[in-house]
Amino acid sequence: MPKNKKPAGGRAAKNFEPRYAAKTSYQDRKRRPGESSAGKAGSKSPNHRGYRAEQAESAPKRRWSAQEKAGRDEARAIRSQDRARRDDRGRYEDRPRRDDRARYEDRPRRDDRPRQDERRYEDRARRDDRPRRDERPRYEDRPRRDDRGRYEDRPRRDDRPRQDERRYEDRARRDDRPRRDERPRYEDRPRRDDRGRYEDRARRDERPRRDDRPRRGDGPSRADWTAKPGATRAHDEHVDVVHERLQARAIQADEVSGTTFADLGLGQNIVRTLADMGAETPFPIQAATVGPILDGADVLARGRTGSGKTIAFGAPLVESILRAQAGKKREFGRAPRALILAPTRELALQIDRTIQPIARSVGLFTTQIYGGVPQARQVGALKKGVDIVIGTPGRIEDLHEQGKLDLSEIRVAVLDEADHMCELGFLEPVQRILRLTEDGSQKLLFSATLDREVAALVDEFLVEPAVYEVAGEDQDSGTIDHRVLVIDHRQKPDILTSLVDREGKTLVFARTRAYAEMLSEQFEDAGVPALALHGDLNQAKRTRNLEKLTSGKVRVLVATDVAARGIHVDDIDLVVQADAPDEYKTYLHRSGRTGRAGRAGTVVTLVTRQRRRRMAELLDRAEIDAPFEDAAVGDDVLEELSGRQVDPTAG
DNA sequence: AAAAAAC
């Protein structure tokens, strides 16, 4: 394949230069240890091979000590290893041809120059011809570090706002920047007043309070949880902060039934590709958001897990970019026009798998930009030019800082799992990235759990955003059967093994990487093939293990919350939470790995007696009804949940 | 507190 040859040739060509440069290090070999490190303060400990007594610094030239010889031999050994390694790089064929070199006869005669190993120190340029060692500025006399521009004296950082401290208020005023009017105005759309506008959302106090609704048990009220956002309990326990829900314009499912993707404004090629992917007619969330996105509005959308959010933003995004590019040539090395940010690499990869075919159907290119894999391919794609970048914040910032990713022409930016992207650790990189996009770029925020947590981004980046959701589509109305097993802690391993020993695909969630790893090994040992998915694995393994679950080569995957959000595997029919989640949102996302696109699924959460109440509170916040039942090893409930036949004669 | 996210 010429494709393979090209990079190889390129590498060889590149190596050509450094090999000549390598001569320098060959010359280095003539140096003796004493000189090469002249002036440097040797090791202070007498037993160290680099040890040089203080007075050696100024002492007259003398013979090599045994110690120095040993040091020299060792240095030689290291250098010859280096040489061997060098040889591994440049291929023999690529090295300078023999004919290019001076012919043997023409080279200095053997006798004219000492052989490498015979060359003696004395044969080198005479001391007198060179600056004498003692005449050279001594290390001590060289400009002191302190004499150079001191860090403190350099232009103060404080003179300009630090990147992460730069506040929205300090930025160019909106009015000073290109007007948003260049985009199709959202106002021109019909039914504008029907929208739940962000600004108009019902104020907290005006809405029915959550505690007015039927509650399970007597846990702290929602008001208690939200009264002081971020407040901590007496001990260092994590607090499941419940953010105010955004009021949305609820799309009635029947309101959009009968609508087609074409009706929504998508072009023929895209519609056909969607159909090929199995999306014949739009899901409600898609019917709700495609129009506004095509109109250029900033959109917040909440759609139940597995409700088709990726297409809801992906298809109109491709259509928008296509329209904006209309009539323009596809330039080599063009800057990307759309950016999709995701919280995990797996999710970024998966989004690309959905969007790439849609984009390609109209001649647009996508690329994944995420960490854990070599940059070269990603940079190569960017050099050729892509239209849509899909990735995770770290690598995107990295490539931007390296000048390899130009974000200045991004006109549509999407945050998938937007509320998660607003959490500690994600928010700031996301803000920095969004600030790099084109002024007035369209922002789309999607999540199954979209709440006021995204306020930090909404207030800075979104203009008159509308919130959409599908009426009656909260998590509890879905196709998922929620169960809580109250167990004895000591039986947990056996109960887990019993649950996962089944036919269907099972996703097990563990709180830590170590426990996820441990559980997968435990299942293996018990004869249930299982793999792990967590951040301690290299990306190749992560990708492979998830793929093995998708393809069915393994039916049990034990994961940390890296797999909690967005990951779509068609037919996971059981989710087991080996550790109960800390946050109601985590519960919703984890459980959303099953019951995708209307399928049935079961979520089993294991809790100990002590955690019972906390779990009840969490489920209350998640607005999920789940029966609690005691379970022990061998109980029928384990058989039932795992889908194994319960023996009717067993009583 | 853990997990994720860059080399």
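Residue numbers start from 1 in every chain, and the chains themselves are labelled A, B, ... in the order their sequence lines are given, proteins ahead of strands.
- Using a 4.0 Å cut-off between a side-chain N of Lys or Arg and a carboxylate O of Asp or Glu, A/Arg613 and A/Glu617 qualify as a salt bridge.
- Summarising the geometry, the separation between CD on A/Gln378 and P on B/dA6 is reported as 9 Å, rounded to the nearest angstrom.
- In this structure, the NE2 atom of A/His534 is 16 Å from the P atom of B/dA2, given to the nearest Å.
- Residue-level contact check: A/Asp561 touches neither bases nor backbone, having no heavy atom under 4.0 Å from any strand.
- For the pair A/Met421 CE and B/dA4 C1', the interatomic distance rounds to 10 Å; values are reported in whole Å.
- The side chain of A/Thr560 lies closest to B/dA4, out of B/dA4, B/dA2, B/dA6.
- In this structure, of B/dA4, B/dA1, B/dA6, it is B/dA1 that holds the atom nearest to the side chain of A/Asp582.
- Separating the CZ atom of A/Phe426 from the C1' atom of B/dA3 is a distance of 9 Å, rounded to the nearest angstrom.
- Residues meeting the salt bridge (Lys or Arg N to Asp or Glu O under 4.0 Å) test with A/Arg542, sequence neighbours left out: A/Glu346.
- At the phosphate of B/dA4, neither OP1 nor OP2 sits under 4.0 Å from any side-chain N or O atom of A/Arg565.
- Contact annotation: A/Thr344 side-chain N/O to B/dA3 OP1/OP2 distance is not under 4.0 Å.
- Straight-line distance from the CZ atom of A/Arg542 to the P atom of B/dA6: 9 Å, rounded to whole Å.
- Taking atom CG of A/Asp536 as the reference point, atom P of B/dA4 lies 7 Å away to the nearest angstrom.
- For the pair A/Leu347 CG and B/dA5 P, the computed distance is 11 Å after rounding to whole Å.
- Counting non-hydrogen atoms under 4.0 angstrom, A/Gly425 reaches a base of the nucleic acid.
- For A/Glu409 and A/Arg334, the salt-bridge test fails: no basic side-chain N is under 4.0 Å from an acidic carboxylate O.
- Checking B/dA2, B/dA4, B/dA6 against the side-chain heavy atoms of A/Glu401 singles out B/dA6 as nearest.
- A heavy-atom distance below 4.5 Å is not found between the side chains of A/Gln356 and A/Phe365.
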Listing, residues 563-576 of chain A side-chain donor-acceptor contacts under 3.5 Å, not counting sequence neighbours, or none:
unit_1, atom_1, unit_2, atom_2, d
A/Arg565, NH1, A/Glu417, OE1, 2.8
A/Arg565, NH1, A/Asp419, OD1, 3.0
A/Arg565, NH1, A/His589, NE2, 3.1
A/Arg565, NH2, A/Asp419, OD2, 3.1
A/Arg565, NH2, A/His589, NE2, 3.3
A/His568, ND1, A/Arg596, NE, 2.8
A/His568, ND1, A/Arg596, NH2, 3.4
A/His568, NE2, A/Asp570, OD1, 2.8
A/Asp571, OD1, A/Lys505, NZ, 2.9
A/Asp573, OD1, A/Arg502, NH1, 2.9
A/Asp573, OD1, A/Arg502, NH2, 3.1
A/Asp573, OD2, A/Arg502, NH2, 3.4

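- Comparing B/dA3, B/dA2, B/dA6 by their closest approach to the side chain of A/Arg511 singles out B/dA2.
- Atom NZ in A/Lys585 sits roughly 16 Å away from atom C1' in B/dA2 (whole-Å rounding).
- The side chain of A/Arg345 approaches B/dA5 more closely than any other nucleotide in the set B/dA5, B/dA3, B/dA2.
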